[in-house]
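The structure appears right after this line, and notes come after that.
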Amino acid sequence: MSTIKRQQIAAGNWKMNMNYNDGLALAQALVDQNPANNGAHMVLGVPFIHLKGVADIIAGADHIHLAAQNCSEHEKGAYTGQISVDMLNSVGADYVILGHSERREYNAESNALLASKTDRVLAAGLIPIFCCGEALNIREAGTQNAFVANQLQESLFHLSAEDFGKIVIAYEPIWAIGTGVTASPAQAQEMHASIRALIADQYGDEVAEATTILYGGSVKPANAVELFGQPDVDGGLVGGASLKADGFTAIYNAFPAE
Ligand code: PEP
């Protein structure tokens, strides 16, 4: 039995919700509820323009961290409308969500592009939250494990063991995102164990045991305890239910007692 305590994370992905003032109010409410839970990180994945304002609000709350929802694969220069990792660093982001299925679908983000972005994020000293997961037709065909393995292979397995050890993975079956349908705890556990086994094959047991793997897809206060109680589920990436302070605090408090 391993003695490694993996970093537990409840990460919210606000997506393109909340105007600036509403976003700051939500961040302030989460700070005021002050739920610090046994070393677990609460991560707020906010729109770019909210980053600095939210950073200022969470500055005194050690358990709350800041994530961007994307970044450019380029270092800097003539890329109108893009945001660099240096910019994210300069406003206090700690994490960058990469490869969310909405970006893969609407912005045609490929595994190869995500490999470049991962390198960029790591080089800046930020932590990628790398999203992977299959669509419904792939789940129905029973090929989801191979599909996710290919995503990891093409975007992450070029990394050194040292760099891989810095990343967070989020398994997000597309059929469960924003649909109200949640993967069952057994389905989540089965995929997380399969991902951890792949990491062990590539980088060894120690790296695999230390890798935080989040589940995403209609996580709510009502199902978080059971999902986070699975042995290979180290927390969640949460969309809709992260937009209400009480609900997201309840999800953050869903980690099992030691
Ligand atoms: C997400 O977008 O990452 C997500 C998991 O959304 P939801 O929780 O709303 O399903």
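Whatever order the structure lists ligands and atoms in, that order sets their numbers, starting from 1. Throughout, numbering of the chain's residues begins at 1 and tracks the sequence. In this text the structure is predicted, and so the values were computed from the model without any measurement.
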Legend entry - Test item: S242 side-chain N/O and F248 main-chain N/O as donor-acceptor pair under 3.5 Å: no
Legend entry - Ring geometry between H65 and Y95 (parallel below 30°, tilted from 30 to 60°, perpendicular above 60°): perpendicular
Inset, instruction - Enumerate the atoms of ligand 1 whose separation from the nearest heavy atom of G217 is less than 4.0 angstrom. - result: 5 (C), 10 (O)
Legend entry - Whether Y79 and H74 hold their rings parallel, tilted or perpendicular, with breakpoints at 30° and 60°: parallel
Inset, instruction - May I ask you to identify the nearest protein heavy atom to atom 3 (O) of ligand 1, giving residue, atom name and distance to one decimal place in Å? - result: E172 OE2, 2.7 Å
Legend entry - Options A170, G239, S101, ranked by nearest heavy atom to atom 7 (P) of ligand 1, top entry: G239
Inset, instruction - Just jot down the ligand 1 atoms closer than 4.0 angstrom to any heavy atom of L237, in number order. - result: 3 (O), 5 (C)
Inset, instruction - Check each atom of ligand 1 against the heavy atoms of S218 and keep those under 4.0 Å away; list them by number with element. - result: 7 (P), 8 (O), 10 (O)
Inset, instruction - Answer with side chain, backbone, both or neither: which part of I177 has a heavy atom less than 4.0 angstrom from an atom of ligand 1? - result: both
Inset, instruction - For the pair E73 and R120, find out whether any cationic side-chain nitrogen is under 4.0 Å from an anionic carboxylate oxygen. - result: no
Inset, instruction - May I ask you to decide if S218's main-chain N or O and N223's side chain share a donor-acceptor pair within less than 3.5 Å? - result: yes
Inset, instruction - Determine whether I64 and V54 fall in the same hydrophobic cluster, where Ile, Leu, Val, Met, Phe, Trp and Tyr are linked whenever their side-chain heavy atoms lie under 4.5 Å apart. - result: yes
Legend entry - Min heavy-atom dist A176 to ligand 1 below 4.0 Å: yes
Legend entry - Close approach, K220 and ligand 1, non-hydrogen under 4.0 angstrom: no
Inset, instruction - Within a distance under 4.0 Å of any heavy atom of K15, pick out the atoms of ligand 1 and give their elements. - result: 1 (C), 2 (O), 6 (O)
Legend entry - G240, any N or O under 3.5 Å of ligand 1 N or O: yes
Legend entry - N13 neighbourhood, listing ligand 1 atoms whose heavy-atom distance to it stays under 4.0 Å: 2 (O), 3 (O)
Inset, instruction - Check whether any side-chain N or O of Q151 sits under 3.5 Å from a backbone N or O of G133 as a donor-acceptor pair, and report yes or no. - result: yes
Inset, instruction - Decide whether the shortest distance between a heavy atom of G178 and an atom of ligand 1 is less than 4.0 Å. - result: yes
Legend entry - Numbering as shown, the atoms of ligand 1 that approach H100 to under 4.0 Å (heavy-atom distance): 1 (C), 2 (O), 3 (O)
Inset, instruction - Using distance alone, decide if ligand 1 has a nitrogen or oxygen within less than 3.5 Å of any nitrogen or oxygen in T179. - result: no
Legend entry - Nearest atoms (heavy-atom pairs only) where P173 meets A183: CG-CB, 4.3 Å
Legend entry - Closest contact, heavy atoms only, T212 versus D234: CA-OD2, 3.5 Å
